[in-house]
Visitor: 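Structure in structure tokens, see below.
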Number of protein chains: 2
Amino acid sequence: MSGLEGNCEVHNPHDELCDRIAEKLPEESQIARAAELFKVFGDPTRLKILTLLSISECCVCDIAKLIDLSQSAVSHQLRILRQTRLVKYRKQGKEAFYSLDDEHVSEILSLGFEHAGEEQGGGR
Amino acid sequence: MSGLEGNCEVHNPHDELCDRIAEKLPEESQIARAAELFKVFGDPTRLKILTLLSISECCVCDIAKLIDLSQSAVSHQLRILRQTRLVKYRKQGKEAFYSLDDEHVSEILSLGFEHAGEEQGGGR
DNA sequence: ACAATATATGTACAGGTGAGCATATGTAAT
DNA sequence: ATTACATATGCTCACCTGTACATATATTGT
């Protein structure tokens, strides 16, 4: 019927498809990097930080206030965001003003919110 | 100099900024949903599955072969991908052919790979 | 030098998460 | 009905992760 049947376990039609897919698959390391990136976006605290930084640059203790979390926890998360190049900061006196590092970051943010927003309760 | 200084702890200039940011921030629940979405993309196994499904629809045991993982583990991950509406499947005899549920999914994939690809070893 | 404030970091721990094993369910063939 | 195969699920466990607490570092003012 569809040309896709065949014993999946032993050999056959599927193998051909698998080979084609295997060829096109990105390298392991590239997938790992992309997963790492998504993982950083995948924590509510970090996502909040990124979202508020997409509105305006902000200093650490204000971030802590805005998301109601300890300064320590915020600082730890900011380190992760720094290491993954999602945020940058400028130091001014005692304060550190953080901001998004890259247009890309807000693009990913928007796309995420867009997709998360549309299909919630409804459907199917 | 920048109009942003002022005691961060007690009160003042920052408060005004904080209020403006707080107003514009999405609701907690919306951020939670977006984070949940990113989290699903943030696991290498799931990202591999999504990536290979972006190339072609595929049955469970072939996925297991392609990413070299137990059938059980794959099935568990597919459930998560189903529940988050990232994949759909059609049953044909004993086999279940999975595919991406939505254009959006491959958009997010591409954007992720794009960003993950560019800045790795280099820069700054 | 000392105090005060902002931020960073080391450590510990509770809670979460992915993988495998065993097994259940569903489907087709004999 | 029985067997064989494909997939799904309950369970367990090793590992990871985010947070708070305590403390270190840096900067400014007195």
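Every chain is numbered from 1 and lettered A, B, ... according to where its sequence line falls, protein lines coming before strand lines.
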Visitor: Have a look at B:Tyr89 and say if it touches a base, only the backbone sugar-phosphate, or nothing, with a 4.0 Å heavy-atom cut-off.
Guide: nothing
Visitor: A:Ile63 has an atom CD1; how far is it from atom C1' of C:dA8, in whole Å?
Guide: 14 Å
Visitor: Per the salt bridge (charged side-chain N to carboxylate O under 4.0 Å, His left out) rule, what does the pair list look like for residues 17-27 of chain A, sequence neighbours excluded?
Guide: none
Visitor: Among side-chain atoms of A:Arg90 and A:Tyr98, is any donor-acceptor pair under 3.5 angstrom?
Guide: no
Visitor: Strictly by modelled atom types, are A:Gln77 and A:Arg79 linked by a side-chain donor-acceptor pair under 3.5 Å?
Guide: no
Visitor: A:Arg79 has an atom CZ; how far is it from atom P of C:dG10, in whole Å?
Guide: 6 Å
Visitor: Which nucleotides of nucleotides 19-28 of chain C have their base under 4.0 Å from a protein heavy atom (B), which only their sugar-phosphate (S), and which neither (-), written as one string 5' to 3'?
Guide: SBBB---BBS
Visitor: Evaluate the ring planes of B:His104 and A:His115, with Trp represented by its six-membered ring, and classify them as parallel (under 30°), tilted (30 to 60°) or perpendicular (over 60°).
Guide: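 Rings of B:His104 and A:His115: perpendicular, over 60°.
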Visitor: Please give, in whole Å, the distance from C:dT17 C1' to B:Phe41 CZ?
Guide: 19 Å
Visitor: Under the side chain to side chain contact (heavy atoms under 4.5 Å, CB included) test against A:Ser106, which residue among A:Leu53, A:Leu100, A:Leu111 passes?
Guide: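 The side chain to side chain contact (heavy atoms under 4.5 Å, CB included) with A:Ser106 is passed solely by A:Leu100 among A:Leu53, A:Leu100, A:Leu111.
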Visitor: In whole angstrom, what separates A:Glu95's CD from C:dT5's P?
Guide: 13 Å
Visitor: Could you give the distance from CD1 (B:Ile31) to CG (B:Leu25), rounded to the nearest 0.5 Å?
Guide: 5.5 Å
Visitor: Are any of A:Lys39's side-chain N or O atoms less than 4.0 Å away from OP1 or OP2 of D:dT17?
Guide: yes
Visitor: How long is the line joining CZ of A:Arg90 and P of D:dT27, in whole Å?
Guide: 15 Å
Visitor: Hey, is the side chain of A:Tyr98 poking within less than 4.0 Å of OP1 or OP2 on C:dA6, counting only N and O atoms?
Guide: no
Visitor: Nearest-Å distance, NE2 (A:His14) to P (D:dC5)?
Guide: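 Value for this atom pair: 15 Å.
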